[in-house]
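Okay, so here's the structure we're looking at.
Chain A is the first sequence line, chain B the second, and so forth, proteins listed ahead of strands; every chain is numbered from 1.
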2 protein chains.
Amino acid sequence: MRKKPKQQRSQSLVQSLIDAAAETIAEHGLAAATAARIAERAGVSVGSLYQYFESKEQIHTAVIEHIATGLRALVHAQIEQLPQKGIRDFVQDLLHEVWNFLEADDQRYLQITRHWAQLDFVQVMNGLERQMTMALAVYVMHHPPRQPVEDLPAKVYILVNSVLFTVVRYISDPAPHVTREQIIRSFAQAAAQLMNQDESR
Amino acid sequence: MRKKPKQQRSQSLVQSLIDAAAETIAEHGLAAATAARIAERAGVSVGSLYQYFESKEQIHTAVIEHIATGLRALVHAQIEQLPQKGIRDFVQDLLHEVWNFLEADDQRYLQITRHWAQLDFVQVMNGLERQMTMALAVYVMHHPPRQPVEDLPAKVYILVNSVLFTVVRYISDPAPHVTREQIIRSFAQAAAQLMNQDESR
DNA sequence: CCATAATGCGAATATTTAGTCGCATTCAAT
DNA sequence: ATTGAATGCGACTAAATATTCGCATTATGG
């Protein structure tokens, strides 16, 4: 960011640029999110845009950070309820929340998440992983299963990535032949089994 | 494709363009795979490129199709061995194969797969899903578990997408804190449990 | 060997895009 | 009210890039 926005008008200008960038990426993809288009959508001149952002990519990064904050908050809130819920319900509810989050605002965040490879989404997922690994480790310690859980970090790695990508892929799917509820149920089952917390045996 | 390449020299020209495109995407990303660069790498003029491809995107699509063929063959070969192996070993071996495939040739295919959202990779995954669903349905029919498998299509959907995306993500990860073997083992376990084929209980 | 179709070329054109710069406008402190 | 700093503007520049077109070269069938 070139200059720090000091006055209030410039701060809201920066915000409107970030919003406009998010909308543009969501509606027309990353490639279409050019400096000119973002500025126009924000009702701002390109000159002003470059007053606060070094480059086009810096705006994209700002958008990611915005999404990341939302995701982190959501996961954090759910983790607080893990002890009372147990793994299965926890995963189920978390999945519902993530799903709704990605679908909100006309799938604004979804479209952005699809371009994870080109954006710095990897950092975000690393953060989520750590958060989840800690929480699950603590939970398993307090609810020791008959058989100890092996490779817990690997399992969390799988779960976090699988959930996020599969949901993104599902929402992107024009004609999925399975239902959202089936996916969520299956994921919850898989998670519970992986943590050896499956009571139905 | 504008013209059909009839003579042998033009056919190999087309092939060299596709190869060059794959290499360019792999090494420098999708955005860098411009018409000029692809042509240069193939040792061909841009004019010739546009003689056989309507647009830059059409080359990208051709590259995808090439990868898809490889993946399909690989999965097909593994599915043949499913009956003798059982779910767990099947998934484990399949994962090793997919992993090696994506890492081969200096991760040539990996980089391409990372851009699935912008390319037509969705079709590929639909195909793989159908292939796997059929195979697993047949297997489960011949090896009925104590409890019937619910939501089989959904579970296969999860498995296929999770495996592919998680592997891609893992190979992209500059500093993963879990090992490849842990991931594979955990996935194999998850698959076996999901199909109620877990004998270790 | 000739006629004709297929192939190959790359300079030239048209478009798109990132990023800059000098000038105009607004704010905030005195 | 005045003044200097902050903000905002958008035409302009420079660089990439997609795609075309007329001409040169090469293969093929007779």
**OP:** Step by step, work out the salt bridge (Lys or Arg N to Asp or Glu O under 4.0 Å) result for B:Lys85 and B:Glu80.
**Re:** CA-CA 10 Å; B:Lys85 283 185 178 172; B:Glu80 300 233 311; over 6 Å; no
**OP:** Select from B:Arg9 and B:Ala36 the residue whose nearest nucleotide in DNA chain D is closer to the 5' end of that strand.
**Re:** B:Ala36
Original post:
Pick the nucleotide of DNA chain D nearest each of B:Gly47 and A:Lys6; which residue has the one closer to the 5' end?
Top reply: A:Lys6
**OP:** Could you tell me from which nucleotide to which nucleotide of DNA chain D, 5' to 3', there is an atom under 4.0 Å from chain A heavy atoms?
**Re:** D:dA6 to D:dA11
Subject >> Partner residues of A:Arg169 under the salt bridge (Lys or Arg N to Asp or Glu O under 4.0 Å) criterion, sequence neighbours left out >> reply: A:Asp173, B:Glu129
Original post:
Who passes salt bridge (Lys or Arg N to Asp or Glu O under 4.0 Å) against A:Asp105, sequence neighbours left out?
Top reply: none
**OP:** For DNA chain C, find the residues of residues 50-60 of chain B with a heavy-atom distance under 4.0 Å and give them by number; none if there aren't any.
**Re:** B:Gln51, B:Tyr52
Subject >> Gap between atoms CD and P, on B:Gln7 and C:dA6 respectively (whole Å) >> reply: 9 Å
Original post:
Whole-Å distance between C:dC9 C1' and B:Ile38 CD1?
Top reply: 18 Å
[X]: side chain to side chain donor-acceptor pair (under 3.5 Å) partners, not counting sequence neighbours:
| X | answer |
| --- | --- |
| A:Thr166 | B:Ser162 |
| B:Glu181 | B:His96 |
| B:Gln123 | none |
| B:Gln131 | none |

Subject >> side-chain hydrogen bond (donor to acceptor under 3.5 Å, both in side chains): pairs with one or both residues in residues 31-40 of chain B, sequence neighbours excluded >> reply: none
Show me, pair by pair, the donor-acceptor contacts under 3.5 angstrom made by side chains of residues 17-29 of chain A, not counting sequence neighbours?
residue: A:Asp19; atom: OD1; partner: A:Gln15; partner atom: NE2; Å: 3.2
residue: A:Glu23; atom: OE1; partner: A:Arg41; partner atom: NE; Å: 2.9
residue: A:Glu23; atom: OE1; partner: A:Arg41; partner atom: NH2; Å: 3.1
residue: A:Thr24; atom: OG1; partner: A:Ala20; partner atom: O; Å: 2.7
residue: A:Glu27; atom: OE1; partner: A:Arg41; partner atom: NH1; Å: 3.1
residue: A:Glu27; atom: OE2; partner: A:Arg41; partner atom: NH2; Å: 3.0

Subject >> Of residues 10-18 of chain A, the positions that come close to DNA chain D - non-hydrogen atoms, cut-off under 4.0 Å >> reply: A:Ser10, A:Leu13
Original post:
Taking for each residue the nucleotide of DNA chain C bearing the nearest heavy atom, is the 5' side occupied by A:Thr34 or by A:Ser48?
Top reply: A:Thr34
Original post:
So, B:Tyr170 side chain and B:Ile183 main chain: donor-acceptor pair closer than 3.5 Å or not?
Top reply: no
**OP:** Not counting sequence neighbours, which residues clear side-chain contact (heavy atoms from CB on, under 4.5 Å) with B:Pro5? List them please.
**Re:** B:Met1, B:Ser10, B:Gln11, B:Val14, B:Tyr52
